[in-house]
Trainee: 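Here's a structure for you.
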Amino acid sequence: MSSTSFDTLKLSRRLEAVGFTRKQATGMAEALNDTLGDELATKRDLRELEYRLTIRLGGMLAVAVAVIAALVKLL
């Protein structure tokens, strides 16, 4: 996964807009960034994962078909 953090300034400003003090808003945004920053998956990350899983599933399916074909020939 890529190391993508969210926009802490935007979050901080939104929190201030709904009544948080600047100190509270900044602290909350920084805490969330520290906690979740490296754990967030982007759409690109998910597309790449989907591609890898599709390739893996296709490979497993090809092996299964080959094994079944070999068993049919033997029996």
Side-chain angles (χ1 to χ4, degrees):
M1 308 269 169
S2 65
S3 179
T4 303
S5 57
F6 61 92
D7 188 348
T8 55
L9 180 59
K10 184 177 179 180
L11 175 60
S12 180
R13 287 180 178 164
R14 281 186 151 182
L15 291 172
E16 283 184 61
V18 296
F20 280 64
T21 65
R22 176 164 286 171
K23 185 176 179 180
Q24 289 172 327
T26 302
M28 178 70 77
E30 288 174 0
L32 283 171
N33 188 47
D34 291 345
T35 303
L36 301 174
D38 293 337
E39 300 297 322
L40 296 175
T42 64
K43 287 181 182 180
R44 182 177 179 192
D45 293 332
L46 296 176
R47 278 193 301 270
E48 289 175 10
L49 180 61
E50 179 183 23
Y51 175 75
R52 289 193 336 242
L53 290 173
T54 301
I55 296 299
R56 183 175 291 176
L57 180 61
M60 291 180 349
L61 184 59
V63 168
V65 168
V67 168
I68 291 171
L71 288 174
V72 167
K73 278 191 169 189
L74 288 175
L75 300 176

Trainee: Are Phe20 and Leu32 grouped together when hydrophobic residues (ILVMFWY) are joined by side-chain heavy atoms under 4.5 angstrom apart?
Mentor: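 Linked, Phe20 and Leu32 end up in one cluster.
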Trainee: In terms of hydrophobic clusters joined by side-chain contacts under 4.5 Å, are Val18 and Leu11 together?
Mentor: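 Yes, because Val18 and Leu11 connect within a single hydrophobic cluster, where side-chain heavy atoms sit under 4.5 Å apart.
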Trainee: Is there a donor-acceptor contact under 3.5 Å from the side chain of Asn33 to the main chain of Glu30?
Mentor: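 Here the side-chain-to-backbone pair does not exist.
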Trainee: Report the distance from atom CG of Leu57 to atom CD of Glu50, rounding to the nearest 0.5 Å.
Mentor: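 Spacing of CG (Leu57) from CD (Glu50) equals 11.5 Å.
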Trainee: Can a salt bridge be assigned to the pair Arg52 and Glu48 using a cut-off of 4.0 Å between side-chain N and carboxylate O?
Mentor: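 Between Glu48 and Arg52 there is no salt bridge, as every charged N stays at least 4.0 Å from the carboxylate O atoms.
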Trainee: To the nearest 0.5 Å, what is the distance between CZ on Arg14 and CG on Asp7?
Mentor: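 Between Arg14 CZ and Asp7 CG, I get 10.0 Å after rounding to 0.5 Å.
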Trainee: What pair of heavy atoms forms the shortest contact from Leu15 to Ala25, and how long is it?
Mentor: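 Minimum heavy-atom contact is CB-CB, 3.7 Å.
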Trainee: Give a yes or no answer on whether the side chain of Thr26 reaches the backbone of Arg22 with a donor-acceptor pair at less than 3.5 Å.
Mentor: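 A pair under 3.5 Å: yes.
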Trainee: How many angstroms lie between CE in Met28 and OG1 in Thr21, if you round to the nearest 0.5 Å?
Mentor: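 Separation between the atoms: 10.5 Å.
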Trainee: What's the separation between atom CD in Gln24 and atom OG in Ser12, rounded to the nearest 0.5 Å?
Mentor: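 That separation rounds to 10.5 Å.
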